[in-house]
> 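Below: one structure in structure tokens.
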Amino acid sequence: QLQLVESGGGLVQPGGSLRLSCAVSGFTLDYYAIAWFRQAPGKEREGVSCISSSGAGNTNYADSVKGRFTISKDNAKNTVYLQMTSLKPEDTAVYYCAALWSFRAMCDIWVHEYDYWGQGTQVTVSS
């Protein structure tokens, strides 16, 4: 059974940092692209970042987080990370990780492409 579990969310002040983790089980990161999405109250779910299955993983970022967020993975630990820095109040949302069976060299962050989802973790950026 494929399972994704997010952790690491919390309350942080503007300008602060958080690291989210997505622990996967029932499958290996060698065959799945992993993406992070977020959903703020009253808004649609949007793509944040993704990392492909190939090797160390090619990455892709939404324009709103480029230069501030970094996605990475540890295949041995079956875990994907999202390091978030210079956080802004508009980053406040529930963050989800999701998986897509894919051997493509690159990945996209389109919600409809991903088949398996975690339960989400809340990130609140506020003073």
> Flag this pair as yes if the NZ/CZ of Arg45 is under 6.0 angstrom from the six-membered ring centre of Tyr96 and inside a 45 degree cone about the axis; otherwise no.
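Positive - Arg45 is close enough to the ring of Tyr96 and near enough to its axis.
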
> With rounding to the nearest 0.5 angstrom, report the CE to OG distance, Met84 to Ser49.
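It is 11.5 Å, given to the nearest 0.5 Å.
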
> Give the intermediate values and the outcome of side-chain contact (heavy atoms from CB on, under 4.5 Å) for residues Asn75 and Asp30.
CA-CA 7 Å; Asn75 284 17; Asp30 291 331; 2.8 Å; yes

> Could you tell me whether a side-chain N or O of Asp108 sits under 3.5 Å from a main-chain N or O of Trp110, the two making a donor and an acceptor?
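Judged by distance alone, no pair lies under 3.5 Å.
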
> Where is the tightest heavy-atom contact between Asn60 and Cys107, given as atom of each residue plus distance?
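Nearest pair, atom of Asn60 first, then Cys107: ND2-O, 3.1 Å.
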
> At their closest point, which heavy atom of Thr92 faces which heavy atom of Ala40, and how far apart are they?
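Looking at all heavy atoms of both residues, the shortest contact is O-CB, 3.7 Å.
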
> Go through Gln83 and Ser17 one step at a time and tell me if the side-chain contact (heavy atoms from CB on, under 4.5 Å) criterion holds.
CA-CA 7 Å; Gln83 179 68 48; Ser17 299; 4.0 Å; yes

> Give, for atom CD of Glu6 and atom SG of Cys22, the distance between the pair rounded to the nearest 0.5 Å.
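It comes to 5.5 Å.
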
> Among the clusters formed by ILVMFWY side chains lying less than 4.5 Å apart, do Val65 and Tyr114 turn up in the same one?
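No, because Val65 and Tyr114 fall into different hydrophobic clusters, even though each may have its own neighbours under 4.5 Å.
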
> Ignoring hydrogens, what is the shortest heavy-atom contact between Ser54 and Arg104? Give both atom names and the distance.
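In terms of heavy atoms, the two residues are closest at OG-O, 4.5 Å.
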
> Is Lys88 salt-bridged to Asp91, going by a charged N under 4.0 Å from an acidic O?
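Salt bridge absent between Lys88 and Asp91.
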
> Can you establish whether the number of heavy atoms outside Glu44 located under 6.0 Å from its atom CD is more than 12?
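Atom CD in Glu44 is not crowded, with 12 or fewer foreign heavy atoms closer than 6.0 Å.
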
> Should the pair Phe103 and Tyr31 be assigned to parallel (<30°), tilted (30 to 60°) or perpendicular (>60°) ring geometry?
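Perpendicular: the ring planes of Phe103 and Tyr31 meet at over 60°.
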
> When you compare the side chain of Tyr32 with that of Ser53, does any pair of heavy atoms fall below 4.5 Å?
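No, side chains not in contact.
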
> Taking Tyr95's backbone N and O only, do any of them form a donor-acceptor pair with Gln39's side chain (distance below 3.5 Å, no angle check)?
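Not at all, since once roles are kept as given, no pair shorter than 3.5 Å links the two residues.
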
> To the nearest 0.5 Å, what is the distance between CG on Leu11 and CD on Gln122?
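One finds 9.5 Å between CG of Leu11 and CD of Gln122.
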
> Please determine whether residues Val24 and Tyr116 belong to a single hydrophobic cluster, defined as Ile, Leu, Val, Met, Phe, Trp and Tyr linked transitively by side-chain heavy-atom distances below 4.5 Å.
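Both belong to a single hydrophobic cluster.
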
> Do Thr124 and Ser126 have side-chain N/O donor and acceptor atoms under 3.5 Å apart?
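No - no donor-acceptor pair under 3.5 Å links their side chains.
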
> Within the structure provided, determine whether Val125 and Gln13 are in side-chain contact (heavy-atom separation under 4.5 Å).
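SC-SC contact between Val125 and Gln13 ruled out.
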
> Is there a side-chain contact between Glu90 and Pro14, using heavy atoms and a 4.5 Å cut-off?
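Glu90 does not reach Pro14 side chain to side chain.
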
> Begin with the C-alpha distance, continue with both residues' side-chain angles, and end with the deciding distance and a verdict on side-chain contact (heavy atoms from CB on, under 4.5 Å) for Val80 and Ile71.
CA-CA 7 Å; Val80 174; Ile71 191 170; 3.9 Å; yes

> For a side-chain contact (heavy atoms from CB on, under 4.5 Å) check, start with the C-alpha distance between Thr79 and Lys73, then their side-chain angles and the critical distance, and finish with the verdict.
CA-CA 6 Å; Thr79 302; Lys73 64 177 179 175; over 6 Å; no

> Would you say the side-chain atoms of Thr59 pair up with the backbone N or O of Ile51, donor to acceptor, closer than 3.5 Å?
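Flag not set: sc Thr59 to bb Ile51 has no pair under 3.5 Å.
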
> Would you check if Glu113 and Val111 make a side-chain contact, meaning some heavy-atom pair closer than 4.5 Å?
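The answer is no, as the side chains (C-beta and beyond) never meet within the 4.5 Å cut-off.
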
> Under 4.5 Å between side-chain heavy atoms, counting indirect links through other Ile/Leu/Val/Met/Phe/Trp/Tyr residues: same cluster for Phe27 and Leu100 or not?
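They do not share one cluster, since no chain of ILVMFWY contacts under 4.5 Å joins Phe27 to Leu100.
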
> Side chains of Leu87 and Leu18: closer than 4.5 Å at any heavy-atom pair?
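Leu87 vs Leu18: side chains touch.
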
> Are Arg19 and Tyr81 in a cation-pi setup, meaning NZ or CZ lies under 6.0 angstrom from the ring centre and within 45 degrees of the ring axis?
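Ring-cation test returns yes.
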
> So does Ala33 get a backbone contact from the side chain of Ser102, meaning a donor-acceptor N/O pair under 3.5 Å?
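Not at all, since once roles are kept as given, no pair shorter than 3.5 Å links the two residues.
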
> What closest approach, in Å, do Ala62 and Gly47 show between heavy atoms, and which atom pair accounts for it?
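Closest heavy-atom pair between Ala62 and Gly47: CB-O, 3.4 Å.
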
> Examine Leu20 and Val94 and state if one hydrophobic cluster contains both, with Ile, Leu, Val, Met, Phe, Trp and Tyr joined whenever side-chain heavy atoms are less than 4.5 Å apart.
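Different clusters.
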
> Strictly under 6.0 Å, is that where the ring centroids of Trp36 and Phe69 end up?
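That pair fails the under 6.0 Å test.
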
> Of the non-hydrogen atoms in Asp74 and Leu29, which two are nearest, and what is the gap between them?
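Here Asp74 and Leu29 meet closest at O-CD1, 4.1 Å.
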
> Could you tell me whether a side-chain N or O of Ser52 sits under 3.5 Å from a main-chain N or O of Asn58, the two making a donor and an acceptor?
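Indeed, once roles are kept as given, a pair shorter than 3.5 Å links the two residues.
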
> Would a single hydrophobic cluster contain both Ile109 and Val48, if residues Ile, Leu, Val, Met, Phe, Trp and Tyr are joined by side-chain heavy-atom contacts under 4.5 Å?
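No; tracing contacts between hydrophobic side chains, which count when under 4.5 Å, never links both residues.
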
